[in-house]
There are 2 protein chains.
Amino acid sequence: MTLSAEQVTRFDRDGYLFFPSLFTPDEIARLVAEVPTIFAEHRPENVREKGSDAVRTSFAAHMYSAPFARLARHPRMIEPVKQLYGEDVYMHQFKINGKMAFDGDVWQWHQDYGTWTNDDQMPEARAMNVAIFLDEVNEFNGPLMFIPGSHKLGVLEAGHDTTTTSYPLWTIDHETISRLVARGGLVAPKGPTGSMILFHGCLVHASTSNLSPWNRVAVYLSLCAVSNHIRRFKRPGYIAHRDFTPIECLPDDCLLVDYPVPTPWKHGTPAAELQGMTS
Amino acid sequence: MTLSAEQVTRFDRDGYLFFPSLFTPDEIARLVAEVPTIFAEHRPENVREKGSDAVRTSFAAHMYSAPFARLARHPRMIEPVKQLYGEDVYMHQFKINGKMAFDGDVWQWHQDYGTWTNDDQMPEARAMNVAIFLDEVNEFNGPLMFIPGSHKLGVLEAGHDTTTTSYPLWTIDHETISRLVARGGLVAPKGPTGSMILFHGCLVHASTSNLSPWNRVAVYLSLCAVSNHIRRFKRPGYIAHRDFTPIECLPDDCLLVDYPVPTPWKHGTPAAELQGMTS
């Protein structure tokens, strides 16, 4: 899978690219089948919604679930990102976000690179966000909203919101959001299960709550250019990975064929990965 | 304005009718201009969002603001409802819902007639909900969501939710909503300022939070058939009106011409209207 010159230009201008139905329903079905088991585990990687047992975000399933370990090495996802960066990438973060029916709560307006630079000392915004839809995303189940072009402004000032939801986030003030939306508008890519979005680490995004009876489970991961690896391990390793080994792709049919993959955290997360390190 | 036979049939089947751009931008502008003054008042009719000064709902503005008093007598709204009921109507409830930019919070799944029968002893579901858009409603600013056909099931069991938002509501459980949506789907009418929705008192509806920088102010009112007036005054009069006088329409241009209208609560709400009465 190679991006066209038009796609590269569009990514630069808008800060995202949308690939509806990039993976087939058959390919996605094996991932979906794993999710209830992963969400049922009470391990530190699973963050639950405020006032509910629903999983808000589940980190690092690719370290213990073979189907997700294969997804993490899928060429349809890895190759375009390597093309854009002109070098190898490693997995900076891997998570499954629940946004479950009825319980899925908001994510306030934020940029991801703000956290990566402040907490992880990632030198540049050369880490790509990837969203892969495990459920259909429609107007009712809390789609991701982007402000096109907002990635051009670099890291915006942000405040640490520790009260709105169960997961603390560096969020951007209302006046800035109004100004950015007046300039770039808003979009919310919607599509079938198996769709993929690539979006820039500085693209401002949010998502509303999910009041619908439809789950909106999605994998969100961040692929960092290897030379741009993080310099500080303040956050736990399961949130901001410390293994900068270049990802080696599996064959294109790796969601249908059980290629062997390592699942080193299958019997538990190593103690060193559960905490931050201050240097 | 007369509903066609097709519209009458569709209302019976779906439980709502949508009229995009029924009022012109000029007609709506004079209402919009009044809203900041109304929302700035700290009177008991104004309910604010949890943890914010933004107005969630503002009751009975038609009793003290002349432009809203004229809207409350508009033939484009009153006539179709009289046609459907075959009799005169009175104003059971009149409110402006803020759903303000960034601060507008959710309304959980509910039916309005549940409250009207339980609290107000309204004999039948012969009161029509009317929504009039004072702002454009789009996919980003928390549109009203309906489950088409759900009005056919009468009053559904509900639990009193006093914690989610600042306004207590009889809400419907998740299992029931899932079942109704599997049967009828979901719709969210969106359109320009000046659009109107008529919807049945038993139609199940909700709306999500508004994270966008665009207000989504709308007038919601309930027109009750006069013979179906409420029997109990448990709720304050500014929430559930006790004056069953048939509404007399003004001319069709009443949002542009300053016809005289009474504004009896201009200098304050009568004490008797501020509280419930138990008999």
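Chain letters run A, B, ... following the sequence lines, proteins first and then strands; every chain starts at 1. This one's a predicted model, so the numbers in the text were calculated from it and none came from an experiment.
- Between B:F102 and A:I177 there is a side-chain heavy-atom pair separated by less than 4.5 Å.
- When A:A101, A:S178, A:G142, A:A182 are compared by the number of non-hydrogen pairs under 4.5 Å with chain B, A:S178 comes out ahead.
- In this structure, the separation between CD1 on A:I147 and OG on B:S212 is 10.5 Å, given to the nearest 0.5 Å.
- Taken to the nearest 0.5 Å, the CG atom of A:L211 stands 8.5 Å off from the NE2 atom of B:H174.
- Scanning all heavy atoms of the two residues, the minimum distance from B:F140 to A:L186 falls at CZ-O, 3.6 Å.
- The shortest distance between side-chain heavy atoms of B:E139 and A:M145 does not fall below 4.5 Å.
- For the pair A:V181 and B:W214, the tightest heavy-atom approach, listed with the atom from each and the gap, is CG1-CZ2, 3.4 Å.
- Around CD of A:E157, the count of heavy atoms belonging to other residues, nucleotides or ligands within 6.0 Å does not exceed 12.
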